[in-house]
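Down below is the structure, laid out as structure tokens.
Here is the naming used below: chain letters follow the sequence lines, and residue numbers restart at 1 for every chain.
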Amino acid sequence: MTTLKLHNTKTRKREVFEPIDRDNVRMYVCGPTVYDRAHLGNARPVIVFDVLYRLLRHIYRADHVTYVRNFTDVDDKINARSADSGRPIAEITQETTQWFLDDMAAVGALEPDHMPRATAYIPQMVTMIEDLIAKGHAYAAEGHVLFAVESYKDYGALSGRSVDDMIAGARVEVAPYKRNPMDFVLWKPSDADTPGWESPWGRGRPGWHIECSAMADELLWEKPLAEDRLSESAKERPHVFDIHGGGNDLMFPHHENEIAQSCCANETDSMANYWLHNEMLQVEGKKMSKSLGNFFTVRDLLDQGVPGEVIRFVMLSTHYRKPMDWTQKKREEAETTLKKWYRQIGLSTAVLDNDVHSGTTNALTEDLNTPEALTNCHALSNGGDYSQLRKSLYLLGLFDGNIPDWVKVKGFSDAETGLIRHFLNRRENARASRDFQLADKMRDGLADAGVLVKDTGAEPEFERLSNFNVNKLDELWGDV
RNA sequence: GGCGAGUUGGCGGAGUGGUUACGCAGCGGAUUGCAAAUCCGUGUACAGGAGUUCGAUUCUCCUACUCGCCUCCA
């Protein structure tokens, strides 16, 4: 059996992954708050955990893995967006959710088995909050319900902080109704203009952290339990699941709070056995931010003609636990490499079965070493093993069985293609009569207009360059 | 201030207690009328200091620098 090793944030070590139930490996990853287009940084955890999902399905088989990724569709940022735009909240969240799914599909991410929306799980959250109050871990105050961090002795264990340290360095606003400055909100009151649900504490809405605790437990424990899909080994570890993932900026406070809520409510010593965190994304060496002017969305890139596969390749070319820099140069290199690989695997008709080259799987099972997996793809490419290259790219999510259109399409309209063909025919005549001066002049002219000509084999090939200018092409026609 | 991650050749980026990363760029060659593409070959590295060791880029400590989190940003 394949041995999968993962770096567990809980222990800060690379550990052998042993699922609670190998017939149903369960993973939860924090999803987006749906109020705007996903920026490029949002795509990193999606792609990282998509690779893990694919790998788990490869090892344990597709129907033995359950992957949950939520949508946070109740949040103050959404409320603010609605107030600014005058649009209904439901319209914003539905539209943004679909955008997210479209954009992530474009970068090759499979849809998780469950994609719960927070607003559909309010009753479960209320129940969990009531439970926490009953067990002495939470208290109601002025319409709020707060989690009492001092009631949970392991608070801070994941991120390696003590409550005292946190208070010392805290810059949080200390609300008067908090017993401890680090206590965080489970439930907060809503006014008439804010989305709210009736609860024992009045009309209000959930805090952010409780969403994930409630939805993870519902979909990875209660639901499979009700459907009798949990093995005996799973039942021996009530409420605990295998993997919890997210960006490392969520480690504190979000994941810390999730653990506190889940462990206290469920009376367990653990929420998930393995915690995985991806590092952040930078752009041209700097943190992506609106003030620096280097902020852009996945959709922006796609609209600029950057293929989703190229975005994914660049993401995979850096290990997930290292900061990753998005640069124009990487984008270009990725495109060049992928074009070559797609051309090569197009020569193979190998069935996309589970027989994937060990160099690729061994890299991935060593804590998702995607750069090394890509190196192995280079080796397969250079070695001419296009069948195995095909399967490796499939496992990595860079190939879905069809060569992407952007590799095949040259990017010209029919009229432009006709014009270029005319040129090349005349140039071929010049070449045939060994008038290389004229032939080279024509090629230079086309290059200047943004058309790259390659004299390969019988018929010359041509492709569109980024500086393509149809007006220059027309001018050329006048010159000849 | 607290916690954490990192510093590898021109660039990107893995990995290892003693041996080739790999990719791009460069250089040389094949091929081509010339280019492009393709193929073959090839040089350059492990932040600094101390320690452990027969031997460290790889382990330990220190220093410098970079970055992230501590603020419901993935």
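With distances taken from any side-chain atom of R14(A) to the nucleotides G13(B), C73(B), G15(B), the minimum falls on G15(B). Across A14(B), C22(B), G33(B), the shortest atom-to-atom separation from the side chain of H319(A) is found for A14(B). In this structure, the nucleotide among A36(B), C69(B), A21(B) sitting nearest to the side chain of D249(A) is C69(B). Nearest to the side chain of L250(A), among G15(B), A74(B), G23(B), sits A74(B). In this structure, of G23(B), C22(B), C34(B), it is C22(B) that holds the atom nearest to the side chain of T375(A). Out of G68(B), A14(B), A74(B), the shortest distance to the side chain of N248(A) is found at G68(B).
For W341(A) and H378(A), the ring centers are positioned less than 6.0 Å apart. Less than 6.0 angstrom separates the ring centroid of H39(A) from the ring centroid of F295(A).
Remark: the separation of the P atoms in C59(B) and U16(B) is 9 Å, to the nearest Å. Taking atom P in both A47(B) and U53(B), one finds a spacing of 23 Å when rounded to whole Å. Rounded to a whole angstrom, the distance from the C1' atom of G33(B) to that of U42(B) is 28 Å. Separating the C1' atom of C46(B) from that of G29(B) is a span of 31 Å, rounded to the nearest Å. A gap of 41 Å separates the P atoms of C61(B) and A25(B), to the nearest Å. If you take atom C1' in G12(B) and the same atom in A64(B), they sit 24 Å apart, rounded to whole Å. Using atom C1' as the reference point in both U32(B) and A37(B), the two lie 10 Å apart (nearest Å).
V453(A) comes within contact range of at least one nucleobase, with a heavy-atom separation under 4.0 Å. In this structure, H39(A) reaches the bases: a heavy-atom distance under 4.0 Å links it to at least one base atom across the strands shown. Residue contacts shown for F436(A) include a base, since a base heavy atom lies under 4.0 Å away. R205(A) comes within contact range of no nucleotide atom at all, as no heavy-atom separation falls under 4.0 Å. At the heavy-atom level, L281(A) lies under 4.0 Å from base atoms of the strands shown. No engagement by N257(A) is indicated, since no non-hydrogen atom pair under 4.0 Å with the nucleic acid exists. In this structure, Q282(A) reaches the sugar-phosphate backbone alone: every heavy-atom distance under 4.0 Å involves primed, P, OP1 or OP2 atoms, never a base. Contacts of K329(A) with the nucleic acid, taken as non-hydrogen atoms under 4.0 Å apart, include base atoms. Nucleic acid contact for K339(A): none, since no nucleic acid atom lies under 4.0 Å from a heavy atom of the residue. Residue-level contact check: D367(A) touches neither bases nor backbone, having no heavy atom under 4.0 Å from any strand.
The number of heavy-atom neighbours closer than 6.0 Å to NZ of K10(A), taken from other residues, nucleotides and ligands shown, is above 12. The number of heavy atoms from other shown groups lying within 6.0 Å of NZ (K188(A)) is above 12.
Considering only side-chain N and O atoms, N42(A) lies nowhere under 4.0 angstrom from the phosphate OP1 or OP2 of C73(B). When the side-chain nitrogen and oxygen atoms of K322(A) are compared with OP1 and OP2 of A14(B), one or more of them lie within a distance under 4.0 Å. The phosphate of G13(B) (OP1 or OP2) has a side-chain N or O of K330(A) nearer than 4.0 angstrom. When the side-chain nitrogen and oxygen atoms of N376(A) are compared with OP1 and OP2 of A21(B), none of them lie within a distance under 4.0 Å.
Between D183(A) and K178(A) there is no salt bridge, since none of the side-chain N atoms of the basic residue sits less than 4.0 Å from a carboxylate O of the acidic one. Salt bridge D440(A)/R443(A): present, at least one basic N to carboxylate O contact under 4.0 Å. Using a cutoff of 4.0 Å between basic side-chain nitrogens and carboxylate oxygens, R14(A) and E366(A) are scored as salt-bridged. Salt bridge absent: D50(A) and R69(A) never bring a charged side-chain N and a carboxylate O closer than 4.0 Å.
Judged by atom type and distance alone, D455(A) reaches the base of C34(B) through a side-chain donor-acceptor pair under 3.5 Å. Remark: the R12(A) side chain and the G4(B) base include no donor-acceptor N/O pair separated by less than 3.5 Å. Scanning atom types as modelled, one donor and one acceptor separated by under 3.5 angstrom connect the side chain of D440(A) and the base of G33(B). In this model, no side-chain donor or acceptor of R443(A) finds a partner on the base of A36(B) within 3.5 Å.
The distance between atom NE2 of H378(A) and atom C1' of G15(B), rounded to the nearest whole Å, is 17 Å. The nearest whole Å value for the distance from the CG atom in N278(A) to the P atom in C69(B) is 13 Å. With rounding to whole Å, K454(A) atom NZ is found 7 Å from A36(B) atom C1'. Computed from coordinates, the F252(A) CZ to U71(B) P distance equals 6 Å when rounded to whole Å.
Searching all strands for a Watson-Crick or G-U wobble partner of A14(B) with both distances below 3.5 Å returns nothing.
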